[in-house]
Amino acid sequence: ALLRAGSSTAAGSSAAAARCPNTAGGGHGATGRWLMLLRDFVSAELPESWADMQEPLLEGMCFTLKYLGMTLVEKPKGEDMAAAAIRRIVATARVGARKFQKVILTVSPRGISLQDADTKEMVENISIYRISYCTTDKLQNKVFAYVAQSQESGALECHAFLSPKKKIAQAVTLTVAQAFQMALDLWEAAHAGR
């Protein structure tokens, strides 16, 4: 499965995530490759309360995290690839004496948007079609990361974020899985009978 979200994430997801206005940008045309990734992505077990999460998720679920950094990766998915990328990002972050940027990460069926928590300036919108993987790291269990294809260069980038608690990192991962499930449902409904 693309997503490594354990069942322990289900209990904390609705408490850790807050409703907020959706600021994410629209998606691109669905491709066969994206649909295959999407079906793999949502193979993770969703909680029984998934139906209750759909309405707030349409508007966007917000998480306040600290941005650790980004590194290029060679593969779109994989636990070992993600773990190595997160190790590189965390090692680089520890060396630098800079203050981490606090961001509001909003998850919706359109994708992920990042907004500076202090200035409220939009940092980036990542279409759901560009995201290929997300995880909560096993060792760095307060770290949430996702892999997405850069809109500018086409390169695969792994972005990592530090959350205040392990459960919040897990909740972000589960919420992204739920967003993929909803995006798949919407895509299939739109293309039913074609």
Side-chain angles (χ1 to χ4, degrees), residues 3 5 9 12-28 41 52-73 82 85-86 88-90 92-137 140-183 186:
L3 180 69
T9 61
S13 65
S14 59
R19 283 176 79 165
C20 68
N22 185 21
T23 53
H28 300 94
F41 199 95
D52 300 334
M53 296 289 293
Q54 290 182 342
E55 188 177 328
L57 187 55
L58 275 172
E59 295 176 25
M61 302 291 279
C62 296
F63 301 88
T64 302
L65 307 169
K66 291 181 180 175
Y67 183 62
L68 295 176
M70 181 275 293
T71 189
L72 297 177
V73 293
I86 291 168
R88 288 194 305 271
I89 292 169
V90 169
T92 303
R94 285 184 176 155
V95 170
R98 64 181 175 85
K99 185 180 174 186
F100 298 121
Q101 181 182 19
K102 190 185 264 190
V103 296
I104 299 168
L105 185 145
T106 305
V107 181
S108 79
R110 286 178 238 163
I112 294 174
S113 72
L114 300 172
Q115 184 181 33
D116 187 286
D118 297 323
T119 66
K120 305 302 180 204
E121 182 182 336
M122 187 56 61
V123 177
E124 188 174 11
N125 280 318
I126 304 95
S127 167
I128 198 106
Y129 300 100
R130 289 169 42 211
I131 300 167
S132 59
Y133 189 83
C134 80
T135 187
T136 303
D137 192 58
Q140 308 283 339
N141 60 19
K142 291 182 183 178
V143 175
F144 160 76
Y146 69 82
V147 175
Q149 187 173 31
S150 167
Q151 193 165 1
E152 290 79 27
S153 66
L156 292 170
E157 301 174 344
C158 179
H159 295 263
F161 302 82
L162 181 65
S163 67
K165 297 178 180 177
K166 172 184 172 181
K167 281 191 174 185
I168 293 175
Q170 292 173 332
V172 181
T173 304
L174 181 61
T175 304
V176 174
Q178 292 167 336
F180 266 77
Q181 177 66 60
M182 186 175 287
L186 293 169

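Note: hydrogens, waters and symmetry copies are ignored here, and every other heavy atom, side chains too, is used.
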**Study point:** Heavy-atom side-chain proximity of Glu157 to Leu72 below 4.5 angstrom
**Key:** yes
To the nearest 0.5 Å, atom CD1 of Ile86 lies from atom SG of Cys158 at 5.5 Å
Rounding to 0.5 Å, atoms CG (Asp137) and CD1 (Ile89) come to a distance of 10.0 Å
Residues at least two apart in sequence or cross-chain that pass side chain to side chain contact (heavy atoms under 4.5 Å, CB included) with Ala82, listed by chain then number, are Tyr133, Thr135
Rounded to the nearest 0.5 Å, the CZ atom of Arg94 sits from the CG atom of Leu68 at a distance of 9.5 Å
Applying side chain to side chain donor-acceptor pair (under 3.5 Å) to Glu152 and not counting sequence neighbours gives Ser150
When rounded to the nearest 0.5 Å, the distance separating OG of Ser127 from CD1 of Ile112 is 10.5 Å
- Query: Step by step, would you call Val73 with Arg88 a side-chain contact (heavy atoms from CB on, under 4.5 Å)?
  - Reply: CA-CA 11 Å; Val73 293; Arg88 288 194 305 271; 4.0 Å; yes
Sorted by chain and residue number, the side chain to side chain contact (heavy atoms under 4.5 Å, CB included) partners of Lys102 (sequence neighbours excluded) come out as Thr64, Ala117
The side chain to side chain contact (heavy atoms under 4.5 Å, CB included) partners of Asp116 (sequence neighbours excluded) come to Gln101, Asp118, Thr119, Val123
Smallest heavy-atom separation, Met182 atom then Pro109 atom, equals SD-CG, 3.2 Å
Interatomic distance, CE@Met122 vs CD1@Ile104, rounded to 0.5 Å, equals 9.0 Å
| said: Could you check whether any side-chain heavy atom of Arg130 comes within less than 4.5 Å of a side-chain heavy atom of Gln151, counting everything from C-beta outward? | reply: yes
Sequence neighbours excluded, the answer for side chain to side chain donor-acceptor pair (under 3.5 Å) partners of Ser163 is none
Legend entry - Min side-chain heavy-atom separation Phe161-Lys66 under 4.5 Å: no
Check your understanding: Arg110 versus Ile128: any side-chain heavy-atom pair under 4.5 Å?
Key -> no
Kindly say whether Ala169 contributes a backbone atom to a donor-acceptor pair with the side chain of Thr136 at under 3.5 angstrom?
yes
**Prompt:** Would you call Leu105 and Phe144 a side-chain contact if the rule is heavy atoms closer than 4.5 Å?
**Reply:** yes
Residues at least two apart in sequence or cross-chain that pass side chain to side chain contact (heavy atoms under 4.5 Å, CB included) with Ala148, listed by chain then number, are Ile126, Ile131, Tyr146
Rounded to the nearest 0.5 angstrom, the CG-OG1 distance for Asn125 and Thr106 is 9.0 Å
